[in-house]
Asker: 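One structure is given below, represented as structure tokens, and several questions about it will come after.
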Amino acid sequence: MTQMKNNTNRLVTVIGGSGFIGSHVADQLSQEGYQVRIFDLKDSPWKKTDQEMIVGDLLDRDLLNKVIAGSEVVYNFAALADIDQARTKPIETVKINILGNVQVLEACRVHAVKRFICASTVYVYSREGSFYRCSKQAAENYVEEYQRIYDLDYTILRYG
């Protein structure tokens with residue numbers, strides 16, 4: 001039998017937690033005993049009763065700051081991730097994947113979050129992926145700069 005760690009007072013926020021990967025991460029964090037807050041454009045159909053759900057727009061800075069306040073760790077899974085859709089919507093891709101990510105980073109800095117975990121892609125250094133690739137590459141660069149300038153610890157996960 002696995003013993004639950006004493007994580008009950010440790011808040012972890014999962015941005016984009018209504019999606020496939022984000023919802024599974026949120027569930028694993030809950031299972032490990034963390035207090036889990038999910039933030040997404042839509043309500044999660046998989047939300048557990050012990051998870052807090054906040055529905056809102058990633059580009060709403062004031063709400064994003066309220067959501068991240070008090071968090072020890074923040075995961076960002078929010079993205080315009082469909083490569084075909086990103087190819088035809090470059091401005092929307094920039095808004096969500098770059099600006100949205102930077103707004104999350106800034107809220108993490110302001111609220112002294114200990115670690116930022118960013119979902120990226122294996123396309124980052126590929127010739128494939130179009131504007132999605134470009135946006136994720138830029139987002140990673142911002143994450144690295146926030147660490148260099150503001151000492152924000154991070155992990156970048158490159159999904160395929």
Side-chain angles (χ1 to χ4, degrees), residues 7 10-30 32 34-42 44 51-52 54-83 85-87 89-160:
N7 296 321
R10 297 172 72 191
L11 175 62
V12 177
T13 298
V14 182
I15 310 290
S18 293
F20 179 77
I21 297 171
S23 66
H24 286 294
V25 168
D27 290 349
Q28 185 62 42
L29 290 165
S30 291
E32 292 292 320
Y34 290 95
Q35 179 186 351
V36 175
R37 178 178 293 154
I38 298 168
F39 181 70
D40 209 315
L41 263 177
K42 59 183 182 190
S44 175
Q51 296 171 342
E52 178 185 5
I54 299 171
V55 176
D57 190 331
L58 181 65
L59 301 177
D60 182 340
R61 274 187 264 167
D62 292 335
L63 181 57
L64 193 58
N65 270 287
K66 290 175 186 171
V67 166
I68 290 175
S71 300
E72 187 172 322
V73 177
V74 172
Y75 288 78
N76 185 13
F77 293 104
L80 193 156
D82 183 300
I83 292 172
Q85 190 178 22
R87 185 177 293 117
K89 297 182 178 183
I91 294 171
E92 191 70 17
T93 303
V94 167
K95 285 180 183 176
I96 297 168
N97 296 3
I98 301 172
L99 179 58
N101 190 62
V102 172
Q103 289 189 166
V104 173
L105 283 164
E106 183 61 12
C108 287
R109 180 192 69 79
V110 166
H111 296 288
V113 168
K114 291 183 181 176
R115 179 164 293 273
F116 174 72
I117 301 171
C118 178
S120 190
T121 178
V122 296
Y123 289 110
V124 166
Y125 295 111
S126 165
R127 301 187 115 232
E128 305 298 320
S130 188
F131 296 119
Y132 176 69
R133 172 192 53 81
C134 298
S135 70
K136 287 301 196 171
Q137 191 175 60
E140 283 192 22
N141 288 334
Y142 273 95
V143 170
E144 291 168 356
E145 258 334 91
Y146 263 77
Q147 195 285 322
R148 190 180 72 74
I149 294 171
Y150 302 116
D151 201 30
L152 175 60
D153 287 335
Y154 71 89
T155 301
I156 294 173
L157 305 170
R158 291 190 181 145
Y159 292 97

Asker: Where is the tightest heavy-atom contact between V36 and S30, given as atom of each residue plus distance?
Answerer: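 Distance-wise, the nearest heavy atoms are CG2-OG, 3.4 Å.
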Asker: Measuring from atom CG of D153 to atom SG of C108, what distance do you get when rounded to the nearest 0.5 angstrom?
Answerer: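 Here the rounded value is 11.5 Å.
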Asker: So, for Q137 and V124, which heavy atoms are closest and what is the spacing to 0.1 Å?
Answerer: NE2-O, 3.1 Å
Asker: Among pairs that include at least one residue of residues 93-106, which meet side chain to side chain donor-acceptor pair (under 3.5 Å), considering only residues two or more places apart or in two chains?
Answerer: R61-Q103, N76-N101, N97-S135, E106-R109, E106-Y146
Asker: I want to check something: taking the side chain as every heavy atom from C-beta on, are L80 and Q85 in contact at a cut-off of under 4.5 Å?
Answerer: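 A side-chain contact exists here, since the closest heavy-atom pair is under 4.5 Å.
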Asker: Side chains of R115 and T155: donor-acceptor distance under 3.5 Å anywhere?
Answerer: yes
Asker: Rounded to the nearest 0.5 Å, how far does CG of L29 lie from CZ of R10?
Answerer: 10.5 Å
Asker: Return yes when atom CD1 of I91 has more than 12 non-hydrogen atoms of other residues, nucleotides or ligands closer than 6.0 Å, and no otherwise.
Answerer: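 12 or below, so no.
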Asker: Apply side-chain contact (heavy atoms from CB on, under 4.5 Å) to the pair V12 and V74, showing each step before the final yes or no.
Answerer: CA-CA 6 Å; V12 177; V74 172; over 6 Å; no
Asker: Just wondering, do I117 and L157 contact through their side chains at under 4.5 Å, heavy atoms?
Answerer: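 Yes, close enough: below the 4.5 Å cut-off.
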Asker: Looking only at heavy atoms, what is the nearest atom pair of S71 and T13, with distance?
Answerer: OG-OG1, 2.6 Å
Asker: I'd like to check the ring-ring contact (aromatic ring centres under 6.0 Å, His included) partners of Y75; sequence neighbours left out, ordered by chain and number.
Answerer: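 With sequence neighbours excluded, Y75 shows a ring-ring contact (aromatic ring centres under 6.0 Å, His included) to F77, given in chain and number order.
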Asker: From Q35 CD over to Q51 CD, what is the distance, rounded to the nearest 0.5 angstrom?
Answerer: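 CD of Q51 is found 11.0 Å from CD of Q35.
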Asker: Checking side-chain contact (heavy atoms from CB on, under 4.5 Å) for the pair I38/I54: CA distance, chi angles, key distance, verdict?
Answerer: CA-CA 6 Å; I38 298 168; I54 299 171; over 6 Å; no
Asker: Measure the OG1-CD1 distance between T121 and I156 for me, rounded to the nearest 0.5 Å.
Answerer: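 Here the interatomic distance stands at 12.0 Å.
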Asker: Decide yes or no for I68 and V104: does some side-chain heavy atom of the first lie under 4.5 Å from some side-chain heavy atom of the second?
Answerer: yes
Asker: Starting at NZ of K66, measure out to NE2 of H111 and round the result to the nearest 0.5 Å.
Answerer: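 These two atoms lie 10.5 Å from each other.
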Asker: I'd like to check R37 versus V14 (side-chain heavy atoms, cut-off strictly below 4.5 Å). Are they in contact?
Answerer: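 The answer is no; the side chains never approach within 4.5 Å.
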Asker: Can you tell if the side chain of Y154 reaches within under 4.5 Å of the side chain of E144, non-hydrogen atoms only?
Answerer: yes
Asker: Determine, step by step, whether I96 and L58 satisfy the side-chain contact (heavy atoms from CB on, under 4.5 Å) criterion, reporting the C-alpha distance in whole Å, the side-chain angles of both residues, the deciding distance to 0.1 Å, and the verdict.
Answerer: CA-CA 7 Å; I96 297 168; L58 181 65; 4.2 Å; yes
Asker: Show the numbers, then the answer: is there a side-chain contact (heavy atoms from CB on, under 4.5 Å) between V110 and N65?
Answerer: CA-CA 8 Å; V110 166; N65 270 287; 4.2 Å; yes
Asker: Are V113 and E72 packed together at the side-chain level, in the sense that at least one heavy-atom pair is separated by less than 4.5 angstrom?
Answerer: no
Asker: When you compare the side chain of R158 with that of Y123, does any pair of heavy atoms fall below 4.5 Å?
Answerer: no
Asker: Considering only heavy atoms from C-beta outward, does the side chain of F39 approach that of L64 to under 4.5 Å?
Answerer: yes
Asker: For a quick test of reading the model, state the closest non-hydrogen atom pair linking E140 to S120 and the distance between them.
Answerer: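 What the structure gives for the nearest pair is OE2-OG, 2.6 Å.
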Asker: Give the minimum heavy-atom separation between D40 and G17, together with the two atoms involved.
Answerer: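 Distance-wise, the nearest heavy atoms are OD2-N, 3.4 Å.
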Asker: Are more than 12 heavy atoms, taken from residues, nucleotides or ligands other than Y150, located less than 6.0 Å from that residue's OH atom?
Answerer: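 Enclosed: over 12 neighbouring heavy atoms sit under 6.0 Å from OH of Y150.
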Asker: How close do Y159 and A119 get, counting heavy atoms only, and between which atoms?
Answerer: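 Answer, listing the atom of Y159 first, then A119: CE1-CB, 3.9 Å.
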Asker: Does the S130 side chain pair with the main chain of Y132, one donor and one acceptor, at a distance under 3.5 Å?
Answerer: no
